[in-house]
Each structure stands twice: as C-alpha cells, then as structure tokens.
Amino acid sequence: MENHTSTTILKPVPGGSSCGTLGRHIARRLAQIGIRDVFSVPGDFNLTLLDFLVEETDLNLIGCCNELNAGYAADGYARAKGVGACVVTFTVGGLSVLNAIAGAYSENLPVICIAGGPNSNDYGTNRILHHTIGLPDFSQELRCFQTITCAQVVVNNLEDAHEQIDTAISTALKESKPVYISISCNLPGIAHPTFAAEPVPFFLAPTISNQMGLEAAVETTAAFLNKAVKPVLVCGPKLRVAKAQKAFLELADACGYPIAVMPSGKGMVPEHHPHFIGTYWGAVSTSYCGEIVESADAYVFVGPIFNDYSSVGYSLLIKKEKAIIVQPNRVTIGDGLSLGWVFMADFLSALAKKLKKNSTAVENYRRIFVPPGVALQREINEPLRVNILFKHIQNMLSGDTAVIAETGDSWFNCQKLRLPENCG
C-alpha cells in the first residue's frame, strides 16, 4: 500500500448493535489495511482463528511449510505491498518465526505477527502446556518478541481485545516496524459487545509536517544546492519506510541530478531512469558511480543507513559539510540546521519546486563512462568464471524474453546486476 493514512471502505457498516467476534474483527482489520495474503502454519492454538481468516472473502490464507518461511514471506509481502502478516502457533511456532521478525524490524517493515496463545482459562493455573519449554510460565514467547517488535499485546480477555488489536496494528503502520499479537485460542469465536458484526473501517490519522520547519528546511536546502556546481542524489533504504518513492522521482526529474543508490536501497528507484548511475558503495561502487558521488560538491542522501556494510567498513569518502541527510521525519543540512517533524515525502516534493535544473554531474558521468566489455566465451572444460556467470544471468533478466524475473520479485545481494523495472 502506498498510503495507510486512510482506508477505502470495503463493505458498508450496518446499523444496530449485533455482536461480532474477535476472529471476525481481526480478519477484517487485516483486509482493511491492504493485506490480501496471510502466511500461516496451522497449529492447535490458532486453528479457530485461521477459520475466520479463511472465511474472510478479502483474504487469501497461504499455508507454509514452516514458521520461518511464513515470516520471510510476510517480510517480502510487506516490501512489495506496504504491510504483511503471518500467523503461527504458541511458542513452538513463535520461537521459530523470531529470526524473520527480527529481520523485518531491522528493515523497518510493518509485519503483523499473530500467534495463537494458551486458553484464557490456563493463565494463572501453574499448568504445563505442550509446545512450550516445559515450564508453567507462558511469557517466554512474549519476552523474546519484546526486543524485536515495536508493540506487543497478549489478548486473553475480550473486554479490551478490540483496543489492543487496533492499537498494535496502528503502531505497526505508524512506526513501520513489526508487532506481536498473541490471541488466546478459545477467544476468536466468542461474540462480544465491543465488536461490531461488521467492523468499522480502519482509519489512521495522517501525519503532517511542522509547516515552519518544512519551509525552513526547504529554503535552506535549496540555497545550499542551488549554489553547488555538481550535486548528486543518493537513495537509501528508508525511502520505502517513508513511502516517498514518488516524491523522490519527482525531485530527480525536476533537478536533473544523477541518481545513485546505496547497496541496501537497490530497487528503491527504477534503474532505467535516464539519470541512474548505479550503486554507491564506497570503494566497491558500480564503475564510475563512486567517482561522481565522492567528487560532488553537494550530495543529498535520502533515507540512508550508514553502517559497516553500507559504508564498506566506515570508509566512505564523503564529508558532512557537503551532505544533506533526509530521514523519514528529519532533515539535516551540512554542519548546520537539523529540523525534526519534517516528513520526507513533503520535503522532497516541496524541494522539487525550488531547485534549479543542474545536469553537470550527469554530463560528467556520461563523459567518463565506458560501457562494460563483452565477457569472453567459456572454453570447453574451462572453469566457470564470475564474469561469464553474471553475463548469462543478466541476459536472462533483460529484454522482452526475461525468464527468471517478474514484476514484484525480490532480489538480494545482486549489486552487479541491472534489475528489471519494479523488482526490489
């Protein structure tokens, strides 16, 4: 989904006060935030809840061979669609999905992880349940999720279940991080007055930039860039978190600067864009891309993450005083102003209207760029070389006869390949 600030009403909300169920409510909520496919592994603690997800006509329940696969499928779905969901069983399933949810947390992906929990009557009984580590403490799964999710709720009574579920989903969308929802296995099918038979459509209040901060950030940045001789744009992975891809392209088209991507931002902008120059990755950048970025007198990093991976061991040859750093809700201009509550999409769109067209760096790139040579043919019995391997993979990815990639596919660690449009 491009925008979660409001949701189209999928079905009319009838009058009256007839009760709905927790299972029906959570199924409709997942559909209302744009999820169409839910990845699951059945277990006796989540079977009743899964029945409600199957009954929801706007959802497609996809069974997975294990919980880790379900978690990674939800991760990929969130990358493509904006939000994902997986459903697992108590402890044995929850502990299995942990690594995928931790990955979603590190990548700022809103994944709704739902776990079937113990019967609400089992809490406080000192009973030992199957699928656990053999202790009467039911909180181990919750404690594991606390450090890798932005919100955690344990639904073991119906009085506040409505509020708990809606709060968790809202938090996932607002923070673009995964959340953990545990639902007692005996509750999904029980009617309760807090649930409408047809849930009221989900709505998330829009986030609005501080107008004075936005204006100050745009004016200062425009003055900074308009006096630069050869500025560049560099796209980072948090462009997706901010849902600002459209605004980024609007800025790129308006300013004429070359576009580079950081390694973990590959796929965020179309590689067929006429100003795209490759991956900026320090000493191992795409040919000639590193030279253009590091020789610039101003660079706009949009949504960057500067860690040991993206900086090749913290060795990037960039200077803070030349950099505009645009994060999802903050803009920092060189050694000067740092303005919070300025949202990325608002900032990029407003900046596009203030910048002078400047294609100097693009022209410099075209002047020094040398097209890659044709890889040598492999001789009979000759060991396979990397350049030949990549040549054949690239041929399979490119042109009208691409056979191994489709729109929406996710590719990882493919820095040497030029991906088709809409692959991430």
Side-chain angles (χ1 to χ4, degrees), residues 75 79 99 102-109 228 230-242 244-245 248 252 257-271 273 275-328 330-335 338 344 361-362 364-366 368-373 375 385-387 389-391 393-394 397 410-419 423-424:
D75 173 299
R79 292 172 191 267
N99 205 35
Y105 188 93
S106 69
E107 292 289 322
N108 298 286
L109 296 167
K230 44 184 181 178
V232 299
L233 285 174
V234 184
C235 168
K238 290 188 179 180
L239 186 70
R240 178 185 58 234
V241 178
Q245 289 98 322
F248 182 89
Y257 303 171
I259 306 168
V261 297
M262 300 183 77
S264 51
K266 190 171 174 67
M268 293 291 101
V269 295
E271 298 187 9
H273 192 283
H275 297 161
F276 183 78
I277 63 172
T279 302
Y280 175 58
W281 203 0
V284 292
S285 298
T286 304
S287 297
Y288 313 106
C289 175
E291 291 89 332
I292 293 300
V293 172
E294 292 178 349
S295 66
D297 54 347
Y299 10 75
V300 184
F301 281 87
V302 182
I305 295 177
F306 295 110
N307 56 22
D308 57 332
Y309 171 77
S310 66
S311 65
V312 195
Y314 308 104
S315 63
L316 298 184
L317 299 178
I318 58 173
K319 297 180 179 179
K320 181 180 179 182
E321 64 269 19
K322 295 182 181 180
I324 309 291
I325 308 295
V326 186
Q327 294 293 9
R330 176 170 291 275
V331 177
T332 302
I333 303 147
D335 285 329
S338 183
M344 184 184 289
V362 171
N364 289 345
Y365 172 77
R366 291 170 180 166
I368 66 173
F369 177 73
V370 177
R385 296 193 302 273
V386 172
N387 59 345
L389 173 65
F390 273 88
K391 171 194 172 183
I393 294 176
Q394 188 66 67
L397 284 171
S410 293
W411 286 68
F412 302 95
N413 284 331
C414 51
Q415 303 299 336
K416 293 184 179 181
L417 297 173
R418 202 169 187 89
L419 296 179
C423 280

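Keep in mind that this is a model prediction, so the values were computed, not measured.
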Inset, instruction - Please step through side-chain contact (heavy atoms from CB on, under 4.5 Å) for the pair Lys322 and Tyr299, ending with a clear verdict. - result: CA-CA 6 Å; Lys322 295 182 181 180; Tyr299 10 75; 3.5 Å; yes
Does any N or O in the side chain of [X] come within less than 3.5 Å of the main-chain N or O of [Y], such that one atom is a donor and the other an acceptor?
X      : Y      : result
Ser264 : Pro237 : no
Gln327 : Pro304 : yes
Trp281 : Gly290 : no
Arg240 : Asn108 : no

At their closest point, which heavy atom of [X] faces which heavy atom of [Y], and how far apart are they?
X      : Y      : value
Asp75  : Gly103 : OD2-C, 4.2 Å
His273 : Ile259 : ND1-CD1, 3.6 Å
Phe306 : Tyr314 : O-CE2, 4.4 Å
Ile305 : Ser310 : O-OG, 2.6 Å
His275 : Ala252 : ND1-O, 4.1 Å
Cys235 : Val269 : SG-CG1, 4.1 Å

Quick check for you: to the nearest 0.5 Å, what is the distance between [X] atom [atom1] and [Y] atom [atom2]?
X      : Y      : atom1 : atom2 : value
Leu316 : Ser285 : CG    : OG    : 8.0 Å
Ile368 : Ser295 : CD1   : OG    : 7.5 Å
Lys230 : Ile292 : NZ    : CD1   : 7.5 Å
Lys238 : Met344 : NZ    : CE    : 8.5 Å
Tyr365 : Phe276 : OH    : CZ    : 8.5 Å
Phe369 : Glu291 : CZ    : CD    : 11.5 Å

Legend entry - side-chain contact (heavy atoms from CB on, under 4.5 Å) partner of Pro258, chosen from Val293, Asn364, Ile277: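 Among Val293, Asn364, Ile277, the one meeting side-chain contact (heavy atoms from CB on, under 4.5 Å) with Pro258 is Ile277.
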Legend entry - Pair Glu294, Tyr280: side-chain N/O donor-acceptor within cut-off below 3.5 Å: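 Glu294 vs Tyr280: donor-acceptor pair found between side chains.
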Legend entry - pair Met268-Val261: side-chain heavy atoms closer than 4.5 Å: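 No, their side chains stay 4.5 Å or more apart.
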